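Working notes, beginning with the structure itself.
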Amino acid sequence: MMRFAGISMHTKEVEEFGVDEVYYVDLFKPKTTARNGILQFHTRRGAFLGLVTLEDIAWYWRNLGFYALDSVNVINVNNIVCIEESSFAAVAVFDDGSTTSVSKKRLHLIEHLNIPRKRSK
């Protein structure tokens with residue numbers, strides 16, 4: 001059975017719920033969000049807002065190895081092949097050669113994982 005995660009409108013905590021629990025889905029439109037709104041799942045346990053921010057994902061997937069290593073992404077550290085560093089920047093490299101940015105100020109968050117590092121000029 002498919003499961004979702006959302007922020008409970010009642011407890012303000014992230015909780016899981018099954019697709020079979022959903023009565024209907026509509027849009028929650030607080031004044032501070034984009035014009036399209038946020039998915040709101042109405043269930044027998046109350047309403048849940050869909051996870052929409054990187055902070056939501058980082059918190060909810062933290063036990064799966066996801067870290068907020070930059071302000072623009074959340075990275076699954078289990079899939080990092082190495083970290084390439086220069087004097088100006090750092091990037092996480094994945095097995096297919098793709099990369100994403102890593103804040104040098106946040107590298108300390110993954111030092112304990114002993115991910116190989118390469119220095120470049």
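None of these values were measured; they are calculated from a predicted model.
- Using modelled atom types, one side-chain atom of D56 and one backbone atom of T53 make a donor-acceptor pair closer than 3.5 Å.
- Hydrophobic clustering of Ile, Leu, Val, Met, Phe, Trp and Tyr side chains at less than 4.5 Å, counting indirect connections, keeps V93 apart from L113.
- A salt bridge does not link E84 to R119: none of the charged nitrogens lies less than 4.0 Å from a carboxylate oxygen.
- The structure places OG of S8 at 8.5 Å from CD of E13, a figure rounded to the nearest 0.5 Å.
- Contact check for E21 versus F4: no side-chain heavy atoms found under the 4.5 Å cut-off.
- Checked against a 6.0 Å centroid threshold, the rings of H42 and Y23 do not count as neighbours.
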Start with the C-alpha gap between W59 and L51, add the side-chain angles, then the distance that decides, and say whether side-chain contact (heavy atoms from CB on, under 4.5 Å) holds.
CA-CA 10 Å; W59 186 87; L51 302 180; over 6 Å; no
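- Between the K104 side chain and the S86 main chain, a donor and an acceptor come within less than 3.5 Å of each other.
- A single hydrophobic cluster is seen to contain both M2 and F41, as judged by linkage of ILVMFWY side chains at heavy-atom distances under 4.5 Å, directly or through other members.
- Under the 4.5 Å side-chain criterion, counting only non-hydrogen atoms from C-beta, I38 is not in contact with L27.
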If you apply the rule side-chain contact (heavy atoms from CB on, under 4.5 Å), what do you find for V77 with L69, and how did you get there?
CA-CA 9 Å; V77 297; L69 296 180; 4.1 Å; yes
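- For the residue pair S101 and V72, the shortest heavy atom distance occurs at OG-CG2, 3.7 Å.
- Under the 4.5 Å side-chain criterion, counting only non-hydrogen atoms from C-beta, I83 is not in contact with V91.
- The two residues L54 and S71 come nearest to each other via the heavy atoms CD1-O, 3.7 Å.
- Atom CH2 of W61 sits in a sparse spot, with 12 or fewer heavy atoms from other residues, nucleotides or ligands closer than 6.0 Å.
- In the hydrophobic clustering of ILVMFWY residues, with side-chain heavy atoms under 4.5 Å counting as a link, L109 and V81 come out apart.
- Note on K118 versus E85: no salt bridge recorded, every NZ/NE/NH1/NH2 to OD/OE distance being 4.0 Å or above.
- For the pair L64 and N76, the minimum side-chain heavy-atom distance is 4.5 Å or more.
- Using a distance-only test at 3.5 Å, with no hydrogens or angles considered, no donor-acceptor pair links the side chain of N73 to the main chain of A68.
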Using the side-chain contact (heavy atoms from CB on, under 4.5 Å) rule, take R62 and Y67 through it: C-alpha gap first, then chi angles, then the decisive distance, then the call.
CA-CA 6 Å; R62 70 192 182 283; Y67 286 74; over 6 Å; no
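- For the residue pair E16/Y60, the side-chain donor-acceptor check at 3.5 Å is satisfied.
- One finds the CG atom of D70 at 10.0 Å from the CG atom of L107 (value rounded to the nearest 0.5 Å).
- In this structure the side chain of I75 reaches within 4.5 angstrom of the side chain of V102, judged on heavy atoms.
- Side-chain contact between F48 and I7 is absent, with no heavy atoms from C-beta onward closer than 4.5 Å.
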Could you walk me through whether L49 and L39 pass the side-chain contact (heavy atoms from CB on, under 4.5 Å) test, one step at a time?
CA-CA 6 Å; L49 296 179; L39 290 177; over 6 Å; no
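- For R106, the salt bridge (charged side-chain N to carboxylate O under 4.0 Å, His left out) test picks out no residue, with sequence neighbours left out.
- F94 is not listed as a side-chain neighbour of T99, based on a closest heavy-atom distance of 4.5 Å or more.
- A 4.5 Å side-chain heavy-atom check between Q40 and K29 finds every atom pair outside the cut-off.
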